[in-house]
Amino acid sequence: MQESVRNSPEPSTRQTSGAVKGMTVATVTALVVLTAYSVAIGGSGLAWFAWIVLGLLTLALVTAESG
């Protein structure tokens, strides 16, 4: 008997675009800088609000690309 070899489909690997990678790096960098700023000088509600908006925009970009 001849054994048949079944090729299992490879899992799809999605490539993220440069825009998504850049936005993600900017968001994480902003979080690190804002945290250091808050520790050194004191928290700023407006700065944290801006970071939350940046995070939501990044999340929307990632969601739009994966959908």
Side-chain angles (χ1 to χ4, degrees):
M1 276 191 201
Q2 182 181 10
E3 292 183 32
S4 64
V5 177
R6 295 182 65 191
N7 291 332
S8 62
E10 294 183 23
S12 64
T13 56
R14 294 182 184 237
Q15 296 288 331
T16 55
S17 70
V20 172
K21 287 180 184 177
M23 190 74 156
T24 304
V25 168
T27 302
V28 171
T29 303
L31 177 62
V32 170
V33 169
L34 183 57
T35 302
Y37 176 83
S38 293
V39 168
I41 298 174
S44 168
L46 184 59
W48 282 107
F49 176 74
W51 184 84
I52 289 170
V53 170
L54 179 63
L56 290 174
L57 288 173
T58 303
L59 182 63
L61 186 63
V62 169
T63 304
E65 185 178 76
S66 67

Practice task
Applying side chain to side chain contact (heavy atoms under 4.5 Å, CB included), name anything that partners Ala30, two or more places apart in sequence or on another chain.
Solution key: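 Scan of Ala30 (side chain to side chain contact (heavy atoms under 4.5 Å, CB included), adjacent residues dropped) gives Trp51, Leu54.
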Handout entry: Shared hydrophobic cluster for Leu46 and Val33 (ILVMFWY, side-chain gaps under 4.5 Å)
Key =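 Leu46 and Val33: separate clusters.
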Practice task
Please answer: with hydrophobic residues joined when any side-chain heavy atoms are less than 4.5 Å apart, are Val62 and Val53 in the same cluster?
Solution key: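 Yes: a chain of side-chain contacts under 4.5 Å links Val62 to Val53.
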Practice task
Taking side chain to side chain contact (heavy atoms under 4.5 Å, CB included) as the test, write out the residues that go with Leu59, two or more places apart.
Solution key: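 If we apply the side chain to side chain contact (heavy atoms under 4.5 Å, CB included) test to Leu59, skipping adjacent residues, the hits are Thr63.
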Check: residues 17-28 side-chain donor-acceptor pairs under 3.5 Å, at least two apart:
unit_1: Ser17; atom_1: OG; unit_2: Val20; atom_2: N; d: 3.4
unit_1: Ser17; atom_1: OG; unit_2: Glu65; atom_2: OE2; d: 2.8
unit_1: Thr24; atom_1: OG1; unit_2: Val20; atom_2: O; d: 2.8
unit_1: Thr27; atom_1: OG1; unit_2: Met23; atom_2: O; d: 2.8
unit_1: Thr27; atom_1: OG1; unit_2: Thr58; atom_2: OG1; d: 2.5

Handout entry: Trp48 side chain reached by Leu31 side chain, heavy atoms, under 4.5 Å
Key =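 Of all side-chain heavy-atom pairs linking Trp48 with Leu31, at least one is under 4.5 Å.
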